[in-house]
Amino acid sequence: PPPPPPPAAPAASAASAAARDVPEATRERRLPTYHLHEECDSFDVVVVGAGHAGCEAALAASRRGARTLLLTLSLDRIGWQPCNPAVGGPAKSQLVHEVDALGGEIGKMADKTYLQKRVLNASRGPAVWALRAQTDKWEYSREMRLRLEREPNLSIREGMVTELIMGDNDDVAGVRTFFGMEFKAPAVVLTTGTFMAGRIWVGRKNLPAGRAGEAPSEGLTENLVSLGFETDRLKTGTPARVDSRSIDYRGLEVQLGDEDERWFSFDERLHVPKPQLACHLTRTTAATHALIRDHLHETPTYGGWVGAKGPRYCPSIEDKVVRFKDKESHQIFLEPEGRNCPEVYVQGFSTGLPERLQLALLRTLPGLEQVKMLRPAYAVEYDFLPAYQCGPTLETKRVAGLFFSGQINGTTGYEEAAAQGLLAGANAAAHALSGPRLLLPREGSYLGTLIDDLCTKDLREPYRMLTSRSEYRLVLRSDNADARLTPLGRACGLIDDERWAMFQSKMGNIDGELVRLKATRVKSDSHPLAAAAFAASGVAADKPPSRQSFTLEELLRRPQVDSALLEQHGCGGGLGRWQAEAVEVKVKYEGFIKRQEGQVAKVAGKMNKQLPPGLDYHAITTLRMEARETLTKMSPVTVGQASRIGGVTPADISSLLIYLEVGIRQQRNKDKAAASDESKST
């Protein structure tokens, strides 16, 4: 009999019909982060943890072309801000600008989700201007997840990694999860935050957790120790959250955002102003301090049952009361956590006191006499791995292909984590794909300073980036972060064509304007700009000018003259605000900048000298024994890194330089002798 006819194609379902009606742009935004026809257990890079370090690492790796898997304990907490939902501040804002200059996301997310923005240190020079944004923590997390889901090379999945899969040559080959799933990859980035063997404390009560309400990661610490890594414990804390509707704001000092808004991202397409919310300021009282002193023995630190070090620059309220006994009061900031929720973050009021005392403590603050507490404060201790076990790419020295990033390296802060994540992710992709590594010298960026500090110091307390940690602050400003780093990002495949074209256009405009300012002259006695500049500078109108004419550059260099004055008198270059500001900073600080650039070049010549891999420091008899042991442990890559290691003196560095120079001369003589013998034999 003839074969039966093929079955008719099923009618399109209502869902598929609806999908066809969705605009194409929307469908592209909702593309899945994996493809069913591809293997789902083999990747180029696996990133463990989806906090700020993990998100930047995964995006950087995928932008470089690596097929990347991001594993997280909870898909609902991607890019979460468990402590203060704020981005930026002194030195931290410089890190955010630098991450953006390298193609990262934290600055874009802060610009998109901010509740309030303020510039700190605005009365000082541009080297220490610090943009700080209070953000909506729920919107931030949602936007970050959407960004990850739009990245075509990136897959996201829930899972708790408990073990590394090792290759045959002391290299990493993938990860294994608690439920036995294996994901193969030649490069793995660990960004575990506070989750490795995390334990939270409220008074004497404790439970295993990475954050309140979230389970810790168990087993990974033991696996890393079995591979020879050194681990230690750190702690941090977060204050209570209170109900905004129960706060009496009438007597509190109001802190409004800046009307003149600034931005973290250099991409001006993202500069969209939003309505800003107010923050408020209150202070501790004598009753606050008395209650804390009476119950110090009930806190984990002063009670003695938690010995892990906490952050020096973000102390608990009990630390403030104990360490600063002469102060009668401490500032406390009340900051909203979201645009559409009543939760308020009580900044500066983290505590380890039992929950039964926390509400009474909060009610000693003016304006909070009838406050309702929504979430208690708690401390969290967790495992970390001292970062001297990593090199300048954040690849570990012990296991090839394994990278550490974020709080696992002993840092504190979203900005420090994001910066490390971008570097680790970019270099993990380079390892997997045999591409160029992203290396940032200390003198070239705050990010380079951060990495150098982590890799050369045996840190045993949470590390926070500070402007004082950089020796070259004047040349490492926020406004020139793209000029310093975007070409490096482009060379490593982190900057796309569109962003690169925007950067080149900006640099061309700035260079052209500097040439124009230097070449254009105005007459001192007849041009209105000259008269306005003299008046702004406090020069008497009847005083004759010292010269017949001045260049626009010379007038702009005066402290009281700005780009707006040039525009007002028809001498502006037609640049946008941010390009004009960059030009103005270059002109006004030219002498100081050139002097510091000369210092950088002089130091870099000697300090960037490479140390041979596997150098036997015990064979250098002119080094002190302490220096030999320390250098062997830390394995610095350059002479500069060696000079910044604790326990290594300038005399040790001189001995090291002499040893290297003698070795170079001996090798040169050997090469000459070998060449001479070869010529004689021929």
Side-chain angles (χ1 to χ4, degrees), residues 74 77 80-85 137-138 193-195 197-216 233-248 282-311 314-323 330 332-338 341-382 412:
S74 173
R77 286 291 183 267
W80 194 241
Q81 295 173 305
C83 201
N84 191 354
K137 66 192 300 180
W138 288 274
T194 61
F195 281 82
R199 181 169 294 273
I200 66 173
W201 293 83
V202 181
R204 290 182 180 272
K205 298 287 187 180
N206 70 89
L207 76 157
R211 296 189 289 243
E214 297 182 65
R233 299 284 277 178
L234 290 176
K235 83 171 179 69
T236 187
T238 189
R241 303 326 194 258
V242 299
D243 192 330
S244 176
R245 297 165 295 187
S246 64
I247 298 174
D248 183 0
T282 186
R283 303 190 73 91
T284 59
T285 63
T288 312
H289 295 198
L291 195 153
I292 290 171
R293 283 193 292 266
D294 290 345
H295 296 277
L296 272 176
H297 61 284
E298 297 192 63
T299 64
T301 300
Y302 293 95
W305 51 87
V306 173
K309 283 283 188 73
C314 190
S316 65
I317 188 61
E318 48 264 29
D319 279 343
K320 293 178 185 177
V321 170
V322 170
R323 287 162 51 185
H330 298 278
I332 305 296
F333 296 89
L334 303 176
E335 301 174 332
E337 290 211 309
C341 77
E343 290 191 42
V344 170
Y345 180 89
V346 188
Q347 186 195 353
F349 212 64
S350 64
T351 180
L353 284 170
E355 187 172 355
R356 62 181 171 79
L357 296 172
Q358 290 188 25
L359 182 58
L361 188 67
L362 286 165
R363 288 182 172 179
T364 63
L365 303 177
L368 277 67
E369 293 88 352
Q370 302 297 323
V371 77
K372 293 181 180 179
M373 186 170 69
L374 299 176
R375 306 175 194 259
Y378 64 87
V380 57
E381 61 171 340
Y382 54 94
T412 178

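What you see is a predicted model, and the numbers here were worked out from it, not measured in a lab. Computation of the quantities below employed the complete heavy-atom set of this structure, encompassing side-chain atoms and omitting hydrogens, waters and symmetry-equivalent molecules.
- Of all heavy-atom pairs between P354 and E298, the closest is CG-OE1, 3.5 Å.
- Between Q347 atom CD and N84 atom CG the span is 5.0 Å, to the nearest 0.5 Å.
- Under the 3.5 Å distance criterion, the side-chain polar atoms of E214 are left unmatched by any main-chain donor or acceptor of A212.
- Atom OG1 of T364 is separated from atom CD1 of I292 by 7.5 Å, given to the nearest 0.5 angstrom.
- To the nearest 0.5 Å, the span separating CZ on R245 from CD1 on I247 amounts to 11.0 Å.
- Side-chain atoms of S244 do not come within 3.5 Å of backbone N or O of V344 as any donor-acceptor pair.
- Residues L374 and V242 form no side-chain contact, since every pair of their non-hydrogen atoms from C-beta on lies 4.5 Å or further apart.
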Using the rule given for side chain to side chain contact (heavy atoms under 4.5 Å, CB included), can you reason through T301 versus L296, listing the C-alpha separation, both sets of side-chain angles and the distance that settles it, and then say yes or no?
CA-CA 9 Å; T301 300; L296 272 176; over 6 Å; no
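- When side chains are defined from C-beta on, I200 does not count as touching Y382, because their heavy atoms never get closer than 4.5 Å.
- By the 30° and 60° cut-offs, the orientation of the rings of W138 relative to W80 is perpendicular.
- Judged purely by atom type and a 3.5 angstrom limit, K320 uses its side chain to pair as donor or acceptor with the backbone of G348.
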Could you go through D243 and V371, starting from their C-alpha distance and side-chain angles, then the distance that decides it, and tell me whether this counts as side chain to side chain contact (heavy atoms under 4.5 Å, CB included)?
CA-CA 7 Å; D243 192 330; V371 77; 5.8 Å; no
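- In this structure, C83 and T238 approach most closely via the heavy-atom pair SG-OG1, 3.5 Å.
- Of all non-hydrogen atoms in W201 and E381, the two that sit nearest each other are NE1-OE2, 3.1 Å.
- Atom NE2 of residue H289 and atom OG1 of residue T284 lie 3.0 Å apart, to the nearest 0.5 angstrom.
- Taking CG of L353 as the start and OG of S316 as the end, the distance is 8.5 Å to the nearest 0.5 Å.
- When all heavy atoms of V380 and A209 are compared, the pair lying nearest together is CG2-O, 4.1 Å.
- When side chains are defined from C-beta on, H295 does not count as touching E318, because their heavy atoms never get closer than 4.5 Å.
- Not one N or O on the side chain of K235 forms a donor-acceptor pair closer than 3.5 Å with the backbone of A308.
- Test K372, R375, R241 against E343 for salt bridge (Lys or Arg N to Asp or Glu O under 4.0 Å) and you get one pass: R375.
- Side-chain contact between V321 and R293 is present, with heavy atoms from C-beta onward closer than 4.5 Å.
- Counting heavy atoms from C-beta on, the side chains of Y302 and V322 come closer than 4.5 Å.
- Taking every heavy atom of both residues into account, P315 and S350 meet most closely at O-OG, 4.0 Å.
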Before you tell me yes or no, could you show the steps for R233 and R199 under side chain to side chain contact (heavy atoms under 4.5 Å, CB included), namely the whole-Å CA-CA distance, both residues' side-chain angles and the distance that decides it to 0.1 Å?
CA-CA 11 Å; R233 299 284 277 178; R199 181 169 294 273; 4.2 Å; yes
Is there a side chain to side chain contact (heavy atoms under 4.5 Å, CB included) between T288 and H330? Walk through the geometry before answering.
CA-CA 10 Å; T288 312; H330 298 278; over 6 Å; no
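- Side-chain atoms of E355 and Y378, non-hydrogen and from C-beta on, never get closer than 4.5 Å to each other.
- Separating the CD1 atom in I332 from the CG atom in L368 is a distance of 10.0 Å, to the nearest 0.5 Å.
- Heavy atoms only, all atoms of each residue included: A240 and A377 are closest at N-CB, 3.4 Å.
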